[in-house]
There are 2 protein chains.
Amino acid sequence: MARTVKGGSDARRERWKGHREARRAEFVDATIRAVAKHGPDVGMDEIAAEAGVSKPVLYRHFADKSDLYLAVGRRGTDMLMDRLGPAIEKDGPIRDRIRGIVDAYLCVIEENPNLYRFVVRGSFTDRPVEQDVVHEDKALIAANLARILGDYLRAFDMDSGGAEPWAHALVGMVQNAGDWWLDRQSMSRQSLSEYLATIIWHAIDGLLRSANITVDPDVPLPGSVFKTEPTLRLINSSEEA
Amino acid sequence: MARTVKGGSDARRERWKGHREARRAEFVDATIRAVAKHGPDVGMDEIAAEAGVSKPVLYRHFADKSDLYLAVGRRGTDMLMDRLGPAIEKDGPIRDRIRGIVDAYLCVIEENPNLYRFVVRGSFTDRPVEQDVVHEDKALIAANLARILGDYLRAFDMDSGGAEPWAHALVGMVQNAGDWWLDRQSMSRQSLSEYLATIIWHAIDGLLRSANITVDPDVPLPGSVFKTEPTLRLINSSEEA
DNA sequence: ATTAAGTGTTACTTGAGGTAACGGTTACTT
DNA sequence: AAGTAACCGTTACCTCAAGTAACACTTAAT
């Protein structure tokens, strides 16, 4: 009998590819609901119950709890990047663009405060830092920002060595201010965006001034200095294999 | 027989006051050593072993694991505040003072990277946010910064509404840049301090310029606008009772 | 018909956090 | 001197949530 050879592609093996992804997404949804219902320290039983199945089913799709939470995190990543990408790539006066990016971020956390808090606080100590979604996201955003800033600086023949620290500084700045704002909403989102954009703009402007360059914050930059790569996707090295 | 009345001060009760504190400190030390030895996910048994005692002893001094870790966190807080306080209160040209504060922070995390990482990553999901040491510290520092900035702005008759978001933004900025730097030490501490101080100074300068005020970054501010309260201690509401 | 995937269940194991119950030591109180 | 309030410390246990074993059923490609 012609047995199916070990590495051969049996259609039975392929048939589920899409299904599995859909199922995982379904469980991620359930987890988010369960977190909203029971708070951030839900148990796997409760999550399974919320999904209408029992625990072992969950474990067929996720290696362990932390794997599930990672998937929840990536869901958050997607929501964030979907908004941040366009905001970063948008044309327009620099001052507006800064505010736009900041505001896009604040929008996302404002619209999903529970998910956001869960993902940010719920990092696992038993996983390496590299598998922390928040860390990944921040690194990714910072990397993009660093490239943009670097291009910017080089376009003006300035030292671009500060681009990376600057980028991480900006990311941390917006995130922390956002956290604070989310906890005690003592001002409108617009006001905060405006304040943050002001800081950032002044920092940039100051840097340029120190090199005797003046830029009008309300006039679009010439050229494509600020153009990013069309793809601002998370390069997820653990996705393959 | 005149039994010791229930609320009365029996010297037997007081005799240990200092001792208990010393013992807790000792266990905190042991925990830090244990973390350094076994990584951030040490068990209570290992910590107890490191301290040379068995588990129940630990639990006589700490309500639970998270209480112990809280104490470890406060140890970190103390180290940080001991450096940050003087740096904030120091006189001198504003630009230098900013760099001094930033550098003080970076020094602390540079000197205690393991402790720092443990405290920052090891936040507990089962405790309310208010008991997160990192959150506490950031809030405290931001509050001080906000007051300073507010005074500063008011001294120049400017809108001080942005002081709080600014403060949180600055805290997040320095922290995140510091984290990044600690992970991949791709530049000297001095360079990073310089870069961050530059950003901050430019942001402040820009803000003042927008109100038609110019300040020389290298000249000490007149008066005591920048004077902080002599006490930059953590107000620990859970200490009493 | 066979078989590779998936569906699902109940009942178990495991491990780390935390506790009970015991006995000894010190030095203040009466 | 007896009593006792605090500590010292141990071994052996409890508990609870994460994760697994073993079982039975469904579907559709071979």
Side-chain angles (χ1 to χ4, degrees), chain A residues 1-27 30-31 34-35 38-70 122 124-127, chain B residues 1-27 30-31 34-35 38-72 122 124-127:
Chain A
M1 61 173 153
R3 61 146 65 86
T4 51
V5 76
K6 198 166 152 206
S9 91
D10 190 327
R12 282 174 292 194
R13 207 171 303 158
E14 308 303 310
R15 189 163 70 90
W16 301 96
K17 279 283 162 64
H19 180 56
R20 282 192 68 86
E21 272 312 299
R23 210 78 215 285
R24 275 176 70 100
E26 184 187 311
F27 288 137
T31 306
V35 165
H38 301 102
D41 31 357
V42 226
M44 290 300 264
D45 292 289
E46 291 166 303
I47 294 174
E50 180 67 38
V53 299
S54 75
K55 226 175 8 166
V57 178
L58 226 48
Y59 282 98
R60 291 233 183 79
H61 296 271
F62 299 93
D64 54 14
K65 195 180 190 180
S66 127
D67 185 32
L68 172 58
Y69 284 17
L70 201 63
F124 278 78
T125 44
D126 58 333
R127 291 253 160 180
Chain B
M1 63 170 153
R3 64 148 61 86
T4 51
V5 74
K6 197 166 151 205
S9 92
D10 189 328
R12 280 174 295 192
R13 207 171 304 158
E14 307 303 311
R15 190 163 70 91
W16 301 96
K17 278 284 160 65
H19 180 56
R20 282 193 68 86
E21 272 312 299
R23 210 74 214 287
R24 275 177 70 101
E26 184 186 311
F27 288 137
T31 305
V35 165
H38 300 102
D41 32 357
V42 228
M44 290 300 265
D45 292 290
E46 291 165 303
I47 294 174
E50 179 66 40
V53 298
S54 76
K55 227 173 11 167
V57 177
L58 226 48
Y59 283 98
R60 291 233 181 78
H61 296 271
F62 300 93
D64 53 15
K65 194 180 190 180
S66 128
D67 185 33
L68 172 57
Y69 283 18
L70 201 64
V72 172
F124 278 79
T125 45
D126 58 332
R127 291 252 160 181

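Keep in mind that what you see is a predicted model, and the values were worked out from it rather than measured. Chain letters run A, B, ... following the sequence lines, proteins first and then strands; every chain starts at 1.
- In this structure, of D:dA22, C:dG18, D:dT10, it is D:dT10 that holds the atom nearest to the side chain of B:Val57.
- Here the side chains of B:Val53 and B:Arg60 are not in contact, with every heavy-atom distance at 4.5 Å or above.
- Straight-line distance from the CG atom of B:Asp41 to the P atom of C:dA16: 10 Å, rounded to whole Å.
- At the phosphate of C:dT7, OP1 or OP2 sits under 4.0 Å from a side-chain N or O atom of A:His61.
- Nearest to the side chain of B:Met44, among C:dG17, C:dT10, D:dT11, sits C:dG17.
- Relative to the side chain of A:Arg60, the nucleotides C:dT7, D:dC8, D:dT10 differ in distance, and C:dT7 lies closest.
- Nearest to the side-chain atoms of A:Arg23 among the listed nucleotides D:dG19, C:dT7, C:dG18 stands C:dT7.
- Separating the CG atom of A:Leu68 from the P atom of D:dG19 is a distance of 10 Å, rounded to the nearest angstrom.
- The main-chain N or O of B:Phe62 is never found under 3.5 Å from a side-chain atom of B:Arg24 such that the two would form a donor-acceptor pair.
- For A:His38 and D:dA17, the NE2 to P distance is 12 Å, given to the nearest whole Å.
- Both B:Gly52 and A:Gly43 lie near DNA chain D, and the one whose nearest nucleotide falls closer to the 5' end is B:Gly52.
- Residue B:Leu58 contributes atom CG, which lies 11 Å from atom P of D:dG9 at whole-angstrom precision.
- Closest approach to the A:His19 side chain among C:dG6, D:dA18, C:dT19 is made by C:dG6 (side chain taken as heavy atoms from C-beta onward).
- Searching all strands for a Watson-Crick or G-U wobble partner of C:dT19 with both distances below 3.5 Å returns D:dA12.
- A:Glu26 places its CD atom 15 Å from the P atom of C:dG6, with the value rounded to the nearest Å.
- Residue B:Arg20 contributes atom CZ, which lies 19 Å from atom P of C:dT26 at whole-angstrom precision.
- Looking at heavy atoms from C-beta onward, A:Thr31 lies in side-chain contact with A:Tyr69 at the 4.5 angstrom threshold.
- In this structure, the CZ atom of B:Phe27 is 10 Å from the C1' atom of D:dC8, given to the nearest Å.
- The B:Lys55 side chain lies nearest to C:dG18 when the options are D:dG19, C:dG18, D:dT10.
- Between the CG atom of A:Asp45 and the P atom of C:dT9 there is a distance of 12 Å, rounded to whole Å.
- Side-chain N/O atoms of B:Ser54 include none lying less than 4.0 angstrom from OP1 or OP2 on D:dG9.
- Between B:Lys65 and B:Leu68, the closest side-chain pair of non-hydrogen atoms is not below 4.5 Å.
- Residues B:Glu50 and B:Val42 fail the side-chain proximity criterion, which asks for heavy atoms closer than 4.5 Å.
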